[in-house]
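Mind looking over this structure? Questions follow.
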Amino acid sequence: MLPSPNGAAIAAAVPPGVRVVAACLRNVTAVGTWLTSHGYGIPDHPVVVIAAGESWPDGGLRPALEDLLGAGALISDLCSQGAGPLSPEAAAAKASYEGTADLARTVATSASGRQLATMGFVEDVAIATEEDASALVPVRDGDGSFVSG
């Protein structure tokens, strides 16, 4: 499991009655399928996709390319299953993902990828960019814990 401190903070801040599903490049198709099969991604049941970002050393939010691309991958998958319409922000994330020819190389050479490489986590970056390597769909249950959806 690869940690996501900002993703965890966002999930914890969401009110208890709101469903939270954790997605990344590794489970994007499984999450997209789960969402559409549960009726999400239409105007009456919209999906909010949040690119969690990273933190600067001072604790401030730093946008992260890998999170934008992961959000775009999920949005692209949802659209392929008939979800929509898209907000301009969602359309831009989708276009960023679909326009990235070499996802693994792009993430590895991004600010986050280079930072993780200098910390000795080159393999973690490679693992994080393995698209659809997992069918697990983490869904937050009523007590705030994530369970398999």
Side-chain angles (χ1 to χ4, degrees), residues 1-56 60-113 115-116 121 123-149:
M1 181 171 173
L2 302 173
S4 174
N6 286 351
I10 291 167
V14 175
V18 177
R19 183 156 305 193
V20 177
V21 181
C24 64
L25 291 168
R26 294 182 54 81
N27 70 346
V28 71
T29 298
V31 169
T33 299
W34 189 93
L35 288 167
T36 56
S37 71
H38 284 80
Y40 293 100
I42 59 174
D44 288 343
H45 297 287
V47 173
V48 176
V49 179
I50 300 172
E54 295 292 335
S55 295
W56 289 109
L61 180 63
R62 175 175 66 81
L65 178 62
E66 65 275 15
D67 290 352
L68 172 67
L69 295 172
L74 178 57
I75 294 162
S76 179
D77 185 76
L78 288 168
C79 284
S80 75
Q81 297 187 52
L86 298 180
S87 68
E89 295 84 356
K94 178 180 178 280
S96 294
Y97 166 74
E98 291 175 352
T100 301
D102 186 343
L103 192 65
R105 178 171 159 61
T106 299
V107 172
T109 59
S110 72
S112 297
Q115 178 185 30
L116 289 167
F121 295 107
E123 289 182 36
D124 291 75
V125 175
I127 290 168
T129 58
E130 293 174 348
E131 291 183 82
D132 293 325
S134 174
L136 182 66
V137 179
V139 180
R140 188 179 69 175
D141 67 10
D143 71 0
S145 301
F146 279 89
V147 297
S148 182

message: The criterion is salt bridge (Lys or Arg N to Asp or Glu O under 4.0 Å); which residues satisfy it with Glu89, sequence neighbours excluded?
response: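 Salt bridge (Lys or Arg N to Asp or Glu O under 4.0 Å) check on Glu89 returns nothing, list empty.
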message: Would you say that Tyr40 contacts Val21 through its side chain, given a criterion of any heavy-atom pair below 4.5 Å between the two side chains?
response: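 Side chain of Tyr40 against side chain of Val21, heavy atoms only: no contact under 4.5 Å found.
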query: Please, which pairs that meet side-chain hydrogen bond (donor to acceptor under 3.5 Å, both in side chains) have at least one residue in residues 98-113, sequence neighbours excluded?
result: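 Residue pairs passing side-chain hydrogen bond (donor to acceptor under 3.5 Å, both in side chains), neighbours aside: Arg62-Ser112, Glu66-Ser112, Ser76-Glu98, Lys94-Glu98.
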message: Holding to side chain to side chain contact (heavy atoms under 4.5 Å, CB included), I want the full list of residues that pass it with Ala108, two or more places apart in sequence or in another chain.
response: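 Partners of Ala108 under the side chain to side chain contact (heavy atoms under 4.5 Å, CB included) test: Val125.
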- request: Kindly determine whether Val139 and Trp34 satisfy side chain to side chain contact (heavy atoms under 4.5 Å, CB included), including the steps that lead there.
  value: CA-CA 10 Å; Val139 180; Trp34 189 93; 3.9 Å; yes
query: Does the side chain to side chain contact (heavy atoms under 4.5 Å, CB included) test come out yes or no for Val107 and Leu69, once each step is laid out?
result: CA-CA 9 Å; Val107 172; Leu69 295 172; 4.1 Å; yes
field: Under 3.5 Å: donor-acceptor pair, side chain of Thr33, backbone of Ala30
entry: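 Here the side-chain-to-backbone pair does not exist.
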message: Going by the rule ring pair (Phe, Tyr, Trp, His ring centres under 6.0 Å), which residues pair with His45 if we only count those two or more places apart in sequence or in a different chain?
response: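 Per chain and number, His45 pairs via ring pair (Phe, Tyr, Trp, His ring centres under 6.0 Å) with no residue.
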message: Restricting to side chain to side chain contact (heavy atoms under 4.5 Å, CB included), what partner residues turn up for Ser145, sequence neighbours left out?
response: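 Per chain and number, Ser145 pairs via side chain to side chain contact (heavy atoms under 4.5 Å, CB included) with Asp141, Asp143.
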message: Applying side-chain hydrogen bond (donor to acceptor under 3.5 Å, both in side chains), can you list everything that pairs with Ser55, at least two apart in sequence or on another chain?
response: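 In terms of side-chain hydrogen bond (donor to acceptor under 3.5 Å, both in side chains), with neighbours along the sequence ignored, Ser55 is linked to Asn6.
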query: Going from CG on Leu78 to CG on Leu86, what distance comes out if it is rounded to the nearest 0.5 angstrom?
result: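 Output value for this atom pair is 9.0 Å.
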query: Under 3.5 Å, is there a donor-acceptor pair between the side chain of Asn27 and the main chain of Leu136?
result: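 Checked: pair present.
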Can you give me every donor-acceptor pair (side chain of residues 9-19, partner residue at least two apart or in another chain, under 3.5 Å) with its distance?
none

field: Pairwise side-chain hydrogen bond (donor to acceptor under 3.5 Å, both in side chains) hits with a residue in residues 126-137, at least two apart
entry: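 Those involving residues 126-137 are Arg26-Glu130, Thr29-Asp132, Tyr97-Glu131.
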